[in-house]
Amino acid sequence: MLRFVNIIRVIFVVIFCLISNSIYSASPLDTLKNITESAKGLLFKDNIPKTVAVLPFTGEGSEEDKKELRITFNNHISSKKFENIKLDEIDEKLAILEKETGKKWSEFDPVTLSKRLGVDGLFYMEVLGIEKIYAGVYGSLSIKVKGKLVSGDKGEVVWEKEESVAERSGGVPLSPWGAISTAVSSALVLRESVKISLMDKLFREMAKGIPEPKVGAVRKPPVIFSVITNAQDSPFKLGAEILVSVKGQAGSMASFNIPKISENIPLMEIEPGNYVGKYIVKEGDNAKSVQIKVVLFDPKTKLENVYTVPYPIEIDSIPPEEIKNLKIVGLKDKVHLQWNRVEDAKDYFVQRSETGEFIDIFITQVPEGYDETAEVGKTYYYRVFARDKAGNVSKPVDVKFYYVKRGPTELPDKITENMVLYAAGSPYLINKDSYINNGVEVVAESGVVIE
């Protein structure tokens, strides 16, 4: 009897949609799509699953992309009246199932899969297309996804929808995401914000038509829709900013934790549901492969939601040791610098000065290099730093150097100005009589050879 009443309702919806179509002139395809979705919602509204599992995304794209899409979709489902199982718990049960049977989870029918996962509904999600083009901080991104909710008791499709979004203008979204920091310069952060914002838009639209149970299954923690960080800029050096931006339930108490470094770092709600914050690396902060955890606490329900950022980070506030045994030699047409290797140095950079202001000469990943712009007969001051992969730099080592071309060096017939004979210019050759003017000094360094 109940089924018959629902069918009558469906017929009424079809008639109403057809009338609306003639009035508002919507496309026949869109009208048919809306009718189908409305019909399914009515037919199954008394049989809508309460406990659901979002299965791993299938289809196109990298595993990383599909993982992020799944997390974002699951976050949006969390805002509805379903009781959705945690993704890591689903993955663990699917892994056990595959190990026990030797079959992939996708080979099982919805009824069997639901029983093994302990749910009464499954979300099957397929990526139909994903395209990313980046050039600097600009780019285009398009995503197309198809999803369906299947009941676990009979394997019937309760809801089904195909949705796509595209962002082709590039740049940074004009939203609170851009307020993550006044000092953002990383292209990775900007790209990530475009991607996460687009995923959020995609599933916000997709989730609108998903039918829900009449009554929520359980009290639910505050929802976290999206999280943007600059975790991919790791490792972080002394003074670096670790940035976090969260889109979630408005009116929550928000914070984030960096294990082994700091807990309960506050996130400010700059707009309803938009939270931003940062942590500045201090002296003594050091950690490897830790994951940022975002916490949203609802003061009304006393429940909290914890989101773990998928990219592990490294924090290194200790600069490398200064270089040792810097040796500088003037060659025929360039100056050679060499020093001992520093254990944790990623590279070294060399500066030069003539008047007191140092300028960069070269950067090298090996403990030596050449200054090919130096001029014979000039005095230079060289400064060498070691730099680790986090960007910390060592104390500088400064050396004064007079560029003398390597010998043999022929002495002039007449020496009219004060002169220093350097060991590097040996041997100095006297091929005929040489004269030194009265009052002129010629000083020979230790090790000078005159022939």
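When reading the values below, keep in mind they use all heavy atoms of this one structure, side chains included, and skip hydrogens, waters and symmetry mates. Here, residue 1 is the first one in the sequence, and each next residue gets the next number.
A donor-acceptor contact under 3.5 angstrom links the side chains of T112 and D109, judged on distance only. Side-chain contact of Q249 with D298: a donor-acceptor pair under 3.5 Å is present, judged by distance alone. Residues D371 and Y382 bring a donor and an acceptor atom of their side chains to less than 3.5 Å of each other.
Ring orientation note: the planes of Y124 and W105 are tilted relative to one another, at an angle of 30° to 60°.
Pairs engaging residues 219-254 under the ring pair (Phe, Tyr, Trp, His ring centres under 6.0 Å) rule: H76-F225 [sequence neighbours left out]. Applying the ring pair (Phe, Tyr, Trp, His ring centres under 6.0 Å) definition to pairs two or more places apart or across chains, those involving residues 349-378 are H336-Y370, F349-F385.
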For this session: Test L128 against V145 for side chain to side chain contact (heavy atoms under 4.5 Å, CB included), laying out the working first.
Result: CA-CA 5 Å; L128 301 179; V145 172; over 6 Å; no
For this session: Output, in order, the C-alpha distance, side-chain angles, deciding distance and verdict of salt bridge (Lys or Arg N to Asp or Glu O under 4.0 Å) for E321 and K395.
Result: CA-CA 7 Å; E321 293 183 356; K395 292 180 180 179; over 6 Å; no
Exercise. Yes or no on side-chain hydrogen bond (donor to acceptor under 3.5 Å, both in side chains) for S62 and D65, after CA distance, side-chain angles and deciding distance?
Worked result: CA-CA 5 Å; S62 67; D65 288 334; 3.1 Å; yes
For this session: Evaluate the side-chain hydrogen bond (donor to acceptor under 3.5 Å, both in side chains) criterion for residues S245 and N274: first the C-alpha distance (whole Å), next the side-chain angles of each, then the deciding distance (0.1 Å), finally the verdict.
Result: CA-CA 7 Å; S245 177; N274 290 288; 6.0 Å; no
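Salt bridge annotation for K104-E107: absent, with no cationic side-chain nitrogen under 4.0 angstrom from a carboxylate oxygen. Residues R387 and D347 are paired through a salt bridge, judged by an N-O separation under 4.0 Å between the basic side chain and the carboxylate. Using a 4.0 Å cut-off between charged side-chain N and carboxylate O, E63 and K66 make a salt bridge. Using a cutoff of 4.0 Å between basic side-chain nitrogens and carboxylate oxygens, K50 and E83 are not scored as salt-bridged. Under the 4.0 Å criterion applied to side-chain N and carboxylate O atoms, K161 and E163 are assigned as salt-bridge partners.
Separation of atoms CG (D120) and OG (S151) is listed at 9.0 Å; rounding is to 0.5 Å.
Formation of a donor-acceptor pair under 3.5 Å by the N305 side chain with backbone atoms of L296 is not found in this model. A donor-acceptor contact shorter than 3.5 Å links the side chain of Y403 to the backbone of L331. Of the possible polar contacts, none joining the N340 side chain to the N325 backbone as a donor-acceptor pair under 3.5 Å is found. The backbone N or O of G251 lies less than 3.5 Å from a partner atom in the side chain of E269, making a donor-acceptor pair. The backbone N or O of K93 lies less than 3.5 Å from no partner atom in the side chain of E89, so there is not a single donor-acceptor pair.
More than 12 heavy atoms of other residues, nucleotides or ligands shown are found within 6.0 angstrom of OH on Y311. Heavy-atom contacts from other residues, nucleotides or ligands closer than 6.0 Å to NZ of K80 number more than 12. The number of heavy atoms from other shown groups lying within 6.0 Å of NZ (K288) does not exceed 12. Atom CD of E368 has more than 12 heavy atoms from other residues, nucleotides or ligands within 6.0 Å.
Relative to the six-membered ring of F256, K293 misses at least one condition, a distance below 6.0 Å or an angle of at most 45° to the axis.
Exactly one residue among E160, E126, E60 makes a salt bridge (Lys or Arg N to Asp or Glu O under 4.0 Å) with K146. That residue is E160.
Aromatic pair F73/F203: centroids less than 6.0 angstrom apart.
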